[in-house]
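Comments concern the structure below.
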Amino acid sequence: MKFEIPAKSALSLPSIFDLCQWLVGAPACHRRFIEGFVNPRPGERVVDLGCGTGASLRQLPEGISYVGLDLNPHYIQAARAQFGERATFICSDLVTADLSEFPPFDLAISVGVLHHLNDAQAQAVLQLARRVVRPGARLVSMDPCYVQGQHRIAKFLLDHDRGNHIRDAEHYRRLLAPHGTLETRVFSDMLRIPYTTIVATLRFD
């Protein structure tokens, strides 16, 4: 999970971003997300839409063919430095990304991305995912989420997130459901601190 803090500009630096992730327990959150919902198998081709510094790759099994995309060139540089021999990283805007050079992927993941995008931009990313995966493949995403009665600290953190488009669970469902078969779950225990997330599994029809 890409947890954010109010010091927004500092998080553009990979070292600060990764430190904040570690402090709030994001590595364990990534592991739970990958093992519990993504469940990739060796030999599969995975595209990570908004890969950041490549944190999800740490949780993927050996034998996965991985391509990560992110708009932040500093994140991509850091990801290549750490995982360059194991993966392909591309610096690109997700809305206009071109992955036509790659064979169809078996799986798409997106961690902490949709809440940075307005509905039109998010739809463009969902269309991208649909184009680049094989028929019947999944997109598994995780994002911060508003819910009624959530912890006041969780709400404060969401209110001050870098992403300007955090939605409630129903809004995320309306965004994703037209593209296929959708399952969602909302969690409040994915990080060490009070924080609310939605995990969505979208199987493209």
Side-chain angles (χ1 to χ4, degrees), residues 1-4 8-24 26-35 37-117 121-122 124-134 137-144 161-163 199-200 202 204:
M1 184 64 215
K2 293 181 183 175
F3 169 80
E4 314 290 4
K8 299 179 181 181
S9 61
L11 287 172
S12 64
L13 301 174
S15 59
I16 300 299
F17 178 81
D18 285 341
L19 175 61
C20 291
Q21 298 289 288
W22 178 81
L23 287 172
V24 301
C29 176
H30 267 94
R31 183 167 56 253
R32 182 175 171 185
F33 172 72
I34 295 295
E35 294 178 357
F37 297 94
V38 179
N39 193 26
R41 296 186 295 272
E44 287 190 320
R45 298 178 48 78
V46 176
V47 60
D48 189 348
L49 303 175
C51 63
T53 58
S56 292
L57 189 57
R58 295 188 182 96
Q59 312 302 335
L60 295 175
E62 294 293 332
I64 291 290
S65 177
Y66 174 99
V67 176
L69 287 83
D70 202 279
L71 179 63
N72 187 317
H74 302 295
Y75 289 174
I76 291 295
Q77 183 179 12
R80 287 172 177 164
Q82 186 166 11
F83 303 109
E85 296 184 357
R86 185 182 169 191
T88 299
F89 293 98
I90 301 170
C91 187
S92 174
D93 181 343
L94 294 180
V95 174
T96 60
D98 181 6
L99 294 173
S100 59
E101 65 179 287
F102 297 96
F105 293 92
D106 300 298
L107 181 65
I109 60 176
S110 175
V111 181
V113 172
L114 295 180
H115 74 288
H116 288 281
L117 308 175
Q121 293 168 332
V125 172
L126 293 172
Q127 291 289 350
L128 169 67
R130 186 172 196 139
R131 287 195 307 272
V132 302
V133 300
R134 62 173 175 76
R138 294 174 296 141
L139 166 67
V140 188
S141 67
M142 180 166 58
D143 277 277
D161 192 279
R162 284 191 297 172
V199 176
L202 176 65
F204 294 105

Could you report the tightest heavy-atom contact between [X] and [Y], atom names first, then the distance?
X    : Y    : answer
L117 : V125 : CD1-CG2, 3.6 Å
F33  : V199 : CE1-CG1, 4.0 Å
C51  : G68  : SG-C, 3.6 Å
F37  : R138 : O-NH1, 3.1 Å
Q121 : H116 : OE1-O, 4.3 Å
L49  : S110 : O-OG, 3.5 Å

query = Roughly how far, to the nearest 0.5 Å, is the CZ atom of R58 from the NE2 atom of H30?
reply =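 Answer for the NE2-CZ pair, H30 versus R58, is 8.5 Å.
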message = Nearest 0.5 Å, please: how far is CD1 in I90 from CD1 in I76?
response =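 Here the rounded value is 8.0 Å.
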message = Filter on salt bridge (charged side-chain N to carboxylate O under 4.0 Å, His left out), then keep only pairs touching residues 75-99, sequence neighbours left out; what's left?
response =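 Of all non-adjacent pairs touching residues 75-99, none passes salt bridge (charged side-chain N to carboxylate O under 4.0 Å, His left out).
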task = Among residues two or more places apart or on two chains, list those pairs meeting salt bridge (charged side-chain N to carboxylate O under 4.0 Å, His left out) that have a residue in residues 99-112.
result =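 The answer is D106-R134.
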Of the options [options], which is the one that meets [X] in a side-chain contact (heavy atoms from CB on, under 4.5 Å)?
X    : options                : result
S141 : V113, V111, L114, I109 : L114
V140 : N39, L107, I34         : L107
F102 : V47, V132, T88         : T88

query = Ring centroid separation for F89 and Y66, is it under 6.0 angstrom?
reply =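 Ring-ring flag for F89/Y66: true, centres closer than 6.0 Å.
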Do [X] and [Y] make a side-chain contact, defined as non-hydrogen atoms from C-beta onward lying under 4.5 Å apart?
X    : Y    : result
C29  : M142 : yes
D161 : H115 : yes
L139 : F204 : yes
L69  : L99  : yes
D48  : L57  : no
P42  : E62  : no

message = I'd like to know whether CD of E44 has more than 12 heavy-atom contacts from other residues, nucleotides or ligands below 6.0 angstrom.
response =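 It does: E44 CD has more than 12 such atoms within range.
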